[in-house]
Amino acid sequence: MSKLRITPLSMVLAGLLTWILWEFWEGEFRWGQMLYVLLLFIILVGADQAARVIVRDMRRIWIMELVFLIAVAIVAWIVKLWLVD
């Protein structure tokens, strides 16, 4: 059995999947919103798998993925500010 390698992106993916299932369970499932969330899910899975293939050292994967998540959060915040104003 191989070692379980938990990374920041895998934690974000678990939270995102939990949120999708919660929305579906509560009946607040909106297809328009969920399609964007599923697209985000697919992109994050791809980024996580690419990081695991490119970098083998877990410490470097953690650093790279945390920097990626922070960059995505900053870009999303800037886009939100730009679209609201």
Side-chain angles (χ1 to χ4, degrees):
M1 183 176 193
S2 66
K3 291 190 321 184
L4 179 65
R5 295 174 23 165
I6 299 174
T7 62
L9 281 178
S10 62
M11 287 187 260
V12 169
L13 287 168
L16 191 62
L17 185 59
T18 303
W19 179 65
I20 290 170
L21 292 173
W22 185 267
E23 291 287 317
F24 185 73
W25 184 266
E26 290 294 315
E28 299 173 6
F29 190 78
R30 292 183 299 264
W31 281 105
Q33 180 184 14
M34 285 303 135
L35 290 176
Y36 285 117
V37 173
L38 288 174
L39 178 63
L40 174 64
F41 186 82
I42 291 168
I43 291 170
L44 290 177
V45 167
D48 189 37
Q49 293 305 313
R52 290 171 189 246
V53 169
I54 294 170
V55 181
R56 295 287 181 188
D57 182 31
M58 281 302 289
R59 183 172 181 228
R60 288 187 179 165
I61 289 175
W62 269 79
I63 292 169
M64 187 173 74
E65 288 188 2
L66 284 173
V67 168
F68 174 76
L69 288 173
I70 291 169
V72 167
I74 290 171
V75 168
W77 179 66
I78 290 171
V79 167
K80 184 177 179 180
L81 288 177
W82 181 60
L83 290 176
V84 171
D85 292 339

Would you give me the side-chain donor-acceptor pairs under 3.5 Å for residues 34-53, sequence neighbours excluded?
from	atom 1	to	atom 2	distance (Å)
D48	OD1	T7	OG1	3.0
D48	OD1	R52	NE	3.4
D48	OD2	R52	NE	3.2
D48	OD2	R52	NH2	3.4
R52	NH1	R5	O	3.2
R52	NH2	R5	O	2.8

>> The criterion is side-chain contact (heavy atoms from CB on, under 4.5 Å); which residues satisfy it with V79, sequence neighbours excluded?
In response: V75, L83
>> Rounded at 0.5 Å granularity, tell me how far CD1 in I6 sits from CH2 in W62.
In response: 8.0 Å
> To the nearest 0.5 Å, how far apart are CD in E65 and CD1 in I70?
Replying inline: 12.0 Å
N/O donor-acceptor pairs under 3.5 Å from side chains in residues 12-27, not counting sequence neighbours:
from	atom 1	to	atom 2	distance (Å)
T18	OG1	A14	O	2.7
W19	NE1	E23	OE2	3.3

>> Is there a continuous path of hydrophobic side-chain contacts, each under 4.5 Å between heavy atoms, that joins L66 to M58?
In response: yes
